[in-house]
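In what follows, residues are counted from 1 in the order of the sequence shown. This is a predicted model, so every value here is computed, not measured.
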Amino acid sequence: MSSDQDHLEETDTEKRFEFKKEEKSAFQAEKGLTEETIRVISEDKDEPEWMLERRLRALEQFQQMPMPDDWPGAPDLSEIEIDEIVPYIRPDIETRGGVDDWEDLPEEIQDTFDKLGIPEAEKNALSGVGAQYESEIVYQNMQERWEEKGVIFCDMDKAVQEHEEIVKEHFMTKAVPPSDNKFAALHGAIWSGGSFVYVPEDTNVDMPVQAYFRMNSDGMGQFEHTLIIAEENSEVHYIEGCSAPKYSEFNLHSGGVEVFVNEGAHVQYSTVQNWSKNTYNLNTKRAICEADGTMEWVSGSMGSKATMLYPSTVLKGPGATDNHITIAMAGEGQNIDTGAKVYHNAPNTSSTIESKSISKDGGRTNYRGLVHIADGAENASTSVECDALMFDNDSTSDTMPYMEIQESEVDVAHEATVGKIGDEDVFYLESRGLDDDDAKQMIVAGFIEPLTEELPIEYAVEMNRLIELEMEGSLG
């Protein structure tokens, strides 16, 4: 085992995530969602008129759309009161759009991200890093060698100002329109912060870029937007981390992600989310994949009170490929509803969905997925595999796959398994010298290996450690 991995495994992960800083802000919007609030946020960001108009249209759609509370088995969202959420908090830093020197950040923000390991990760394994605190990016940096090749990695507020035409064309127009669902509309109205990634044609960014989103204040909402554009025959791996400490009030996270994979390009989007158990995590993420492009989603979700997360891909061109790997873990009082959606809209397209879920202490996990194969998408192939692991009789796990097949010349496969950790498996490992907890943790580590092997070593170790802490009931 390497010395770097030794160091990571010795890290006190619980302390890294559960600390909380005194609230300091330069600007904080009033609670609730009104036209006045939208105008105040847009004015504070000095946005162009077209962005304000889009925000106001999204607000109208949000007000007209019902809550998604009629889905079978959906998490209970009745506690969410938008009028009690603070939608926008600008951190108290001098430089709008973030600084590019870590030492220029206020000490309390530096300390927050130091504890989360962001500077160390940047030094060791990343080509670029963005860090968001509350509603805005506070730090953004990209290695010079990628900037020289035309790669752009900046915060979304800066992108609106400096890359206006690209953003105007892609922002919530093709991939995630506000009309998609109520929380997409909410996001379109009060989004703030997030990342903009642009990779030019024939450029391979061979080290991942990372963004980390941290909520620190009680009763706030975080609504970052991520826009990734990979031009023809380019390649990039974007990693996202999210966390929040324990709260006495409920918080809401409703991010938006739009990915454009042009012909022959390859994008991997990896996320490890560890919210507090007072956080509702309701995101909308979608990729549009052109001919011979490849989109990969790798998602790990835990910690929140309720999660509804279904990354989706539209396979728009012949030969496009989509792969989803998801893991969800639910403990006492948690309902983690995750899955994937794939739309085969062209011939010779392929997709795989591999879902792993773990539930304990009465928690509930659910796979909710959709595969749509359109008429004319000949020779499309899809494979869906859903595996659930339960610790006790009080926990539940459901599988709700939905397939719409409108073409006869296709290859479709679905497999689902549900089971408890077997006493004989635990006994076997105990007979080899492990105690009961270590035996169960080893079983779970093997169960989630398809996800962790897709992550850089720093994230794989962190993911395993977070799972261990969830099993011990130490987080949230």
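- Residue Gln268 is tested with Glu235, Met295, His237 for a side chain to side chain contact (heavy atoms under 4.5 Å, CB included); the sole match is His237.
- Between the side chain of Asn262 and the backbone N or O of Ala230 there is at least one donor-acceptor pair closer than 3.5 Å.
- Scanning for side chain to side chain donor-acceptor pair (under 3.5 Å) contacts around Asp83 gives an empty result, with sequence neighbours left out.
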Audit row: Thr294, Thr321, side chain to side chain donor-acceptor pair (under 3.5 Å) steps and yes/no: CA-CA 5 Å; Thr294 300; Thr321 301; 4.5 Å; no

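- Considering all non-hydrogen atoms of both residues, Arg286 and Pro177 come closest at NH1-CD, 4.3 Å.
- With hydrogens and angles disregarded, a donor-acceptor distance shorter than 3.5 Å links the side chain of Thr173 to the backbone of Glu169.
- Residues forming a side chain to side chain donor-acceptor pair (under 3.5 Å) with Tyr198 (at least two apart in sequence, or on another chain): Glu231.
- Residues Glu354 and Thr352 have side chains that never bring a donor and an acceptor to within less than 3.5 angstrom of each other.
- Looking at Thr365 and Ser397, their side chains do bring a donor and an acceptor atom within 3.5 Å of each other.
- With Asn283 contributing its side chain and Gly255 its backbone, the two residues share a donor-acceptor pair below 3.5 Å.
- In plain terms, the two heavy atoms of Val176 and Val257 that are nearest each other are CG2-O, 3.6 Å.
- Identified under the side-chain hydrogen bond (donor to acceptor under 3.5 Å, both in side chains) test for residues 55-65, with sequence neighbours left out: Glu47-Arg55.
- Taking Glu35 as the reference, Arg39 meet the salt bridge (Lys or Arg N to Asp or Glu O under 4.0 Å) condition, with sequence neighbours excluded.
- Taking Glu81 as the reference, nothing meets the salt bridge (Lys or Arg N to Asp or Glu O under 4.0 Å) condition, with sequence neighbours excluded.
- Ring geometry for His170 versus Phe260: interplanar angle over 60°, hence perpendicular rather than tilted (30 to 60°).
- Using a distance-only test at 3.5 Å, with no hydrogens or angles considered, no donor-acceptor pair links the side chain of Asp394 to the main chain of Asp361.
- Looking at residues two or more places apart in sequence or on another chain, you find a salt bridge (Lys or Arg N to Asp or Glu O under 4.0 Å) between Asp337 and Arg364, Arg368.
- Applying the side-chain hydrogen bond (donor to acceptor under 3.5 Å, both in side chains) test between Ser351 and each of Thr313, Thr382, Asn323 identifies Thr382 as the sole match.
- In this structure Phe171 satisfies the ring pair (Phe, Tyr, Trp, His ring centres under 6.0 Å) test together with Trp191, His225, sequence neighbours excluded.
- The shortest heavy-atom contact between Asp155 and Asp157 is OD2-N, 3.1 Å.
- Applying the side chain to side chain donor-acceptor pair (under 3.5 Å) criterion to Glu53, with sequence neighbours excluded, gives no partner residue.
- Between Asn281 and Ser304, the side chains place no donor N or O within less than 3.5 Å of an acceptor N or O (distance only, hydrogens not considered).
- With sequence neighbours excluded, no residue forms a salt bridge (Lys or Arg N to Asp or Glu O under 4.0 Å) with Lys305.
- Residues meeting the ring pair (Phe, Tyr, Trp, His ring centres under 6.0 Å) test with Tyr269, sequence neighbours left out: Tyr238, Trp297.
- Side-chain atoms of Lys182 come within 3.5 Å of backbone atoms of Met65 as a donor-acceptor pair (strictly under, hydrogens ignored).
- A donor-acceptor contact under 3.5 angstrom links the side chains of Lys45 and Ser192, judged on distance only.
- Of the candidates Val342, Val412, Val371, Val384 forms a side chain to side chain contact (heavy atoms under 4.5 Å, CB included) with just one, namely Val371.
- Of all heavy-atom pairs spanning Asn366 and Thr399, the tightest one is OD1-N, 3.7 Å.
- With sequence neighbours left out, the side chain to side chain donor-acceptor pair (under 3.5 Å) criterion links Ser359 to no other residue.
- What you find for Ala320 and Leu315 is that their closest heavy atoms are CB-CD2, 3.8 Å.
- No hydrogens or angles considered: nothing links the side chains of His253 and Thr279 as a donor-acceptor pair under 3.5 Å.
- Applying the side-chain hydrogen bond (donor to acceptor under 3.5 Å, both in side chains) test to residues at least two apart or on different chains, the pairs with a partner in residues 403-417 are His372-Glu404, Asp387-Thr417.
- Judged by distance alone, with hydrogens and angles left aside, the side-chain atoms of Glu224 form no donor-acceptor pair with the main-chain N or O of Ser195 at under 3.5 Å.
- In this structure the side chain of His266 reaches within 4.5 angstrom of the side chain of Glu296, judged on heavy atoms.
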